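So the structure is just underneath, and the comments pick up after that.
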Amino acid sequence: MNYCELYKELIQDISPDAIAERIICGASFCIVMSGGSAGICRTQEENSRPLMIQRKYNGMPLKTLAESVMSWNFQEACIGAAAINAWYNAPKQLRVIGMEIPEGLRCEDRTSDPFITLQREVKGKNVVSVGHFPYIDKLFAPYCNLTIIEKHYPEDGDYPEQASEFLLPLCDYAFISGYTLAQKSLPRMLELTRNAYTILINNSVPLAPVLHRYGVNALAGFVIKDTELAERIAL
């Protein structure tokens with residue numbers, strides 16, 4: 001399987017009629033607004049904030065903007081990933097695949113948090129997390145053999161990204177940051193975890209069923225229900 005094809009498949013299912021109405025690039029997140037919904041992606045630390053590119057992208061077909069995820073300018077890639085999420089993580093699109101989004105804000109609802117729901121399943125297993133997620137040490141470390149790979153904000157005991165080649169093929173469960181989609185490291189990581197139970201997790205994950213064909217067992221993403229609040233937070 002050519003894991004890099006996942007980018008082509010994610011983009012091709014976006015409607016050509018959808019428009020990127022507004023792009024917000026803050027210090028930590030990119031947000032793309034389209035059709036009353038929004039998609040988000042964390043910004044890349046390797047690049048400074050974009051200079052005036054928001055004006056160039058506003059009003060562009062969402063599908064065209066999504067193609068920016070393939071750019072090696074990582075700031076543009078983040079905008080492309082946010083455009084992909086603006087399509088797949090829109091409540092109306094999720095209803096098409098049978099997922100209903102409850103009314104009201106549920107920011108602190110942890111009942112679907114895989115770091116909680118999978119505590120029993122990972123007991124005694126080898127678990128690798130690509131990304132040092134909040135509270136993962138307390139939620140998982142007591143139950144399993146936990147290894148953390150963190151590129152940007154490593155803490156004591158974390159492994160560098162290069163360790164993925166050695167650690168991921170040995171794990172039973174892999175938790176991979178959705179941020180890796182924009183980084184272009186996701187295809188290789190999915191290839192390395194093809195024998196593991198693999199979860200894509202964080203606010204940059206597109207809730208796209210096609211990812212299951214590439215070995216992703218579960219998607220733990222983010223649906224923006226208050227676009228005005230999201231914009232204020234991003235800026």
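Quick caveat, the model's predicted, so the values are computed rather than measured.
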[Y] and [X], any side-chain heavy atoms less than 4.5 Å apart:
| X | Y | answer |
| --- | --- | --- |
| I23 | C25 | yes |
| L170 | T147 | no |
| L186 | L200 | yes |
| V130 | L168 | yes |
| C30 | Q75 | yes |
| R194 | Y3 | yes |

If you take all heavy atoms of [X] and [Y], which pair is closest and at what distance?
| X | Y | value |
| --- | --- | --- |
| Q183 | F74 | O-CE2, 3.8 Å |
| G215 | T198 | O-CB, 3.7 Å |
| V205 | G178 | CG2-CA, 3.6 Å |

Margin query: Can you tell me how the ring of F175 sits relative to the ring of Y173, calling it parallel under 30°, perpendicular over 60° and tilted otherwise?
Written below: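 The rings of F175 and Y173 lie parallel, inter-plane angle below 30°.
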Next item on the list: Can you tell me which residue pairs pass the side chain to side chain donor-acceptor pair (under 3.5 Å) test with a partner in residues 202-221, sequence neighbours excluded?
Entry: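 As it turns out, the side chain to side chain donor-acceptor pair (under 3.5 Å) pairs with a partner in residues 202-221, which skip direct neighbours, are E9-R213, E9-Y214, S177-N202.
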Margin query: Working to the nearest 0.5 angstrom, can you tell me the gap between S37 OG and N85 CG?
Written below: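 The distance works out to 12.0 Å.
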Note to self: To the closest 0.5 Å, what do you measure between OG1 (T180) and CD (E161)?
What the structure shows: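 One gets 9.0 Å once the value is rounded to the nearest 0.5 Å.
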Ignoring hydrogens and geometry, is there a side-chain-to-backbone donor-acceptor pair from [X] to [Y] under 3.5 Å?
| X | Y | result |
| --- | --- | --- |
| K138 | I136 | no |
| Y7 | L181 | yes |
| N89 | P206 | no |

Next item on the list: Test V127 against every option in I148, V122, N145 by the side-chain contact (heavy atoms from CB on, under 4.5 Å) rule and name the one that passes.
Entry: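 Among I148, V122, N145, the one that satisfies the side-chain contact (heavy atoms from CB on, under 4.5 Å) with V127 is V122.
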